[in-house]
Asker: 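The structure's right below; bear with me while I get my questions together.
Every chain is numbered from 1, with letters handed out A, B, ... down the list of sequences. All figures in this text were calculated on a predicted structure; none of them were measured in a lab.
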There are 2 protein chains.
Amino acid sequence: MLSHKAKYALKALLYLAEQDENHISKTIEIADGANIPKKFLEQILLDLKRGRFVSSKQGKFGGYYLIKSKNDITLAEIHRLFDGAIALLPCASLNFYEPCSDCKTESECSLHHGLVLIRDKTLKAMEGITIASLVKK
Amino acid sequence: MLSHKAKYALKALLYLAEQDENHISKTIEIADGANIPKKFLEQILLDLKRGRFVSSKQGKFGGYYLIKSKNDITLAEIHRLFDGAIALLPCASLNFYEPCSDCKTESECSLHHGLVLIRDKTLKAMEGITIASLVKK
DNA sequence: TATAAATTCTATAAATATAGTATAGTTTAG
DNA sequence: CTAAACTATACTATATTTATAGAATTTATA
C-alpha cells in the first residue's frame, strides 16, 4: 500500500503537470487544488525537490514547478522515493537490497526466487505508469 | 513489503508442505526448522488456522498440519490474511475497498485508473505463486 | 535603499498507529 | 501429570501523519 505521502506526492505532481508551462504554483494553490494538508504538502514538495522532480523559486511570487518531463516520472520512482522498496522483501529488492537474517543462504531460501518474479512483474507495471499517462486529457 | 508475520507464515507453510502426509508438526519443530521465534509463530499458526490453511491437534503429541492443498495456497491469499490489501490504495482494492476521503468522485480521481491497472497485474502475479511452486523439489 | 510582505525552507513536536516481541497463564488430550 | 495448543495482554520501538513555530529568501513598493 502507498503511504499518504506517496499518494499526495503523485497528486501534487499531477497538479503541476496539468498547469501551463512556465506557470509557478505556490504550495497553497496545490494544496487547495489537490486537497492536501498544506503543511504536510510543504514537506512532500521538499522531498520531491531533493529527488529532482520539481524545482522551486523562493520569496514573493515563488512556488514550485516540474523540472522532469511528465513522461519520465514513473510510479516506480515515486514509490521508491517515499515508500522505499518495490519488492516484497529486502532480499528481493534491486535498490534496497538487504539479506534476510533468518535465512542460511539466499539460494537455499525457498521464498527468494518467487519474490524476485513478483518484483520483476510489479516493477514493470509500475514503470509503465507515468504522470503523463495519468493526466486527464 | 511483506510484514515479518506474512513472511514467517509463508515459511511455516512451506515447512509443513515439505513434511510427509499425515505428519503432525509441533510449533517448536517448525520454529527450529524455519528459524522463526516460537511465541511469534504460535500466533501466526493460529491466524493460519482461522484462515483454514492449517488445522491443529491439541494436547500431547499435538501440532499443526496443512488442510489446504499446497497448489491452492497462493501468495495473494497469505498477503491478504496478514498484510491486507494488495492494491496500492484502498480505493483500488477488491477485497479491502474503501473510498478516498480526499477525492471528490472516483471517476474524477486521476490516480484511480492507474492503480487498478497495477492491482490487476500484481494480483495475477501473486496468484501464480503457490506454496507448491515454492517447495524445493 | 529600506522595509514589508509573501513565500519557501527547517526543525521539531505530538498524536496515532503498527510491528514485533515477550509474559503469563488456561485448556485439552494422552 | 505432562506436553502441547490456545488466549490474552502488555510492552517496546518505530513509523506515519499532521501540526507548530519560526528562519531565510526574494520581490515589490514607499
Asker: Starting from P on C:dT7, measure out to OH on A:Tyr65 and report it in whole angstrom.
Answerer: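 Those two atoms, OH and P, are 16 Å apart.
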
Asker: Once rounded to the nearest 0.5 Å, what's the spacing between atom CG of B:Leu115 and atom OG of B:Ser93?
Answerer: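 So the gap between those two atoms works out to 11.5 Å.
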
Asker: Look up atom NE2 in B:His4 and atom CD1 in B:Ile44, then write down how far apart they are to the nearest 0.5 Å.
Answerer: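 The NE2 atom of B:His4 sits 10.5 Å away from the CD1 atom of B:Ile44.
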
Asker: Please state whether the phosphate of D:dT27, meaning OP1 or OP2, lies under 4.0 angstrom from any side-chain nitrogen or oxygen of A:Lys57.
Answerer: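 The answer is yes; a side-chain N or O of A:Lys57 sits under 4.0 Å from OP1 or OP2.
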
Asker: On the nucleotide D:dT16, are OP1 or OP2 found under 4.0 Å from the side-chain N or O atoms that A:Tyr8 carries?
Answerer: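 For D:dT16, neither OP1 nor OP2 has a side-chain N or O of A:Tyr8 closer than 4.0 Å.
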
Asker: When you check the phosphate oxygens OP1 and OP2 of C:dC9, does a side-chain N or O of A:Ser56 lie under 4.0 Å from one of them?
Answerer: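 Yes, A:Ser56 has a side-chain N/O under 4.0 Å of OP1/OP2 on C:dC9.
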
Asker: Take atom NZ of B:Lys60 and atom P of C:dG30, then tell me their distance rounded to the nearest Å.
Answerer: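 So the two atoms are 11 Å apart, to the nearest Å.
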
Asker: Roughly how many Å is it from CE in B:Met1 to C1' in D:dT16, rounded to a whole number?
Answerer: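 The answer, rounded to whole Å, is 16 Å.
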
Asker: Does B:Tyr64 have a side-chain nitrogen or oxygen under 4.0 Å from the phosphate oxygens OP1 or OP2 of D:dC6?
Answerer: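 Answer is yes, contact under 4.0 Å.
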
Asker: Would you call B:Glu42 and B:Lys39 a salt bridge, taking side-chain N to carboxylate O under 4.0 Å as the test?
Answerer: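 Looking at B:Lys39 together with B:Glu42, the answer is yes, because their closest N to O distance falls below 4.0 Å.
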
Asker: Rounded at 0.5 Å granularity, tell me how far OH in A:Tyr15 sits from CG in A:Asp32.
Answerer: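 So the gap between those two atoms works out to 8.0 Å.
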
Asker: At under 4.0 Å, does any side-chain N or O of B:Ser3 touch on OP1 or OP2 of C:dT18?
Answerer: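 Negative; the distance criterion is not met.
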
Asker: Check whether any side-chain heavy atom of A:Cys91 lies under 4.5 Å from a side-chain heavy atom of A:Pro99, and answer yes or no.
Answerer: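 In short, these two side chains do not touch, never coming nearer than 4.5 Å.
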
Asker: Compare all side-chain heavy atoms of A:Lys70 with those of A:Thr130 and state whether any distance is below 4.5 angstrom.
Answerer: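 Of all side-chain heavy-atom pairs linking A:Thr130 with A:Lys70, none is under 4.5 Å.
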
Asker: Counting heavy atoms from C-beta on, name the nucleotide in D:dT2, C:dC9, D:dT17 closest to the side chain of A:Lys5.
Answerer: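 Ranking D:dT2, C:dC9, D:dT17 by closest atom to the A:Lys5 side chain puts D:dT17 first.
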
Asker: Check this for me, if you would: do A:Glu29 and A:Lys26 make a salt bridge, where the nitrogen-to-carboxylate-oxygen distance has to be below 4.0 angstrom?
Answerer: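 No, this pair does not count.
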
Asker: Could you tell me the Watson-Crick or G-U partner of D:dA5, where both distances fall under 3.5 Å? Say none if there is no partner.
Answerer: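 Check on D:dA5: paired to C:dT26, both distances under 3.5 Å.
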
Asker: Any salt bridge linking B:Glu77 with B:Lys68? Criterion: basic side-chain nitrogen under 4.0 Å from a carboxylate oxygen.
Answerer: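 A salt bridge links B:Glu77 with B:Lys68.
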
Asker: To the nearest angstrom, how far is B:Asp83 atom CG from C:dT18 atom C1'?
Answerer: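 Whole-Å distance recorded here is 11 Å.
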
Asker: Heavy-atom count check: over 12 atoms from other residues, nucleotides or ligands less than 6.0 Å from B:Phe61 CZ?
Answerer: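 Counting other residues, nucleotides and ligands, CZ of B:Phe61 stays at 12 neighbours or fewer.
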
Asker: Verify the contact: side-chain N or O of B:His4 to OP1 or OP2 of C:dG20, cut-off strictly under 4.0 Å; return yes or no.
Answerer: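 Yes, because at least one side-chain N or O of B:His4 sits under 4.0 Å from OP1 or OP2 of C:dG20.
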
Asker: What residues from residues 39-55 of chain A pass a heavy-atom cutoff of under 4.0 Å to DNA chain D?
Answerer: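 Listed by number, they are A:Lys39, A:Phe40, A:Gln43.
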
Asker: Want to settle it: does A:Pro37 or A:Gln58 sit nearer the 5' end of DNA chain D, counting the closest nucleotide to each?
Answerer: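 Going by which nucleotide is closer to the 5' end, it is A:Pro37.
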
Asker: Are any of the side-chain nitrogens in B:Lys5 or B:Asp83 under 4.0 Å away from the carboxylate oxygens of its partner?
Answerer: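 No salt bridge links B:Lys5 with B:Asp83.
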
Asker: In residues 24-35 of chain B, what residues come within less than 4.0 Å of DNA chain D, judged by heavy atoms?
Answerer: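 Result for residues 24-35 of chain B: B:Lys26, B:Thr27, sorted by number.
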
Asker: When you get a sec, tell me which of D:dT27, C:dA29, C:dC9 is the closest nucleotide to the side chain of A:Phe61?
Answerer: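 In terms of side-chain proximity for A:Phe61, the closest of D:dT27, C:dA29, C:dC9 is D:dT27.
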
Asker: When the distance from CD1 of B:Ile36 to P of C:dA22 is rounded to whole Å, what number comes out?
Answerer: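 One finds 14 Å between P of C:dA22 and CD1 of B:Ile36, rounded.
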
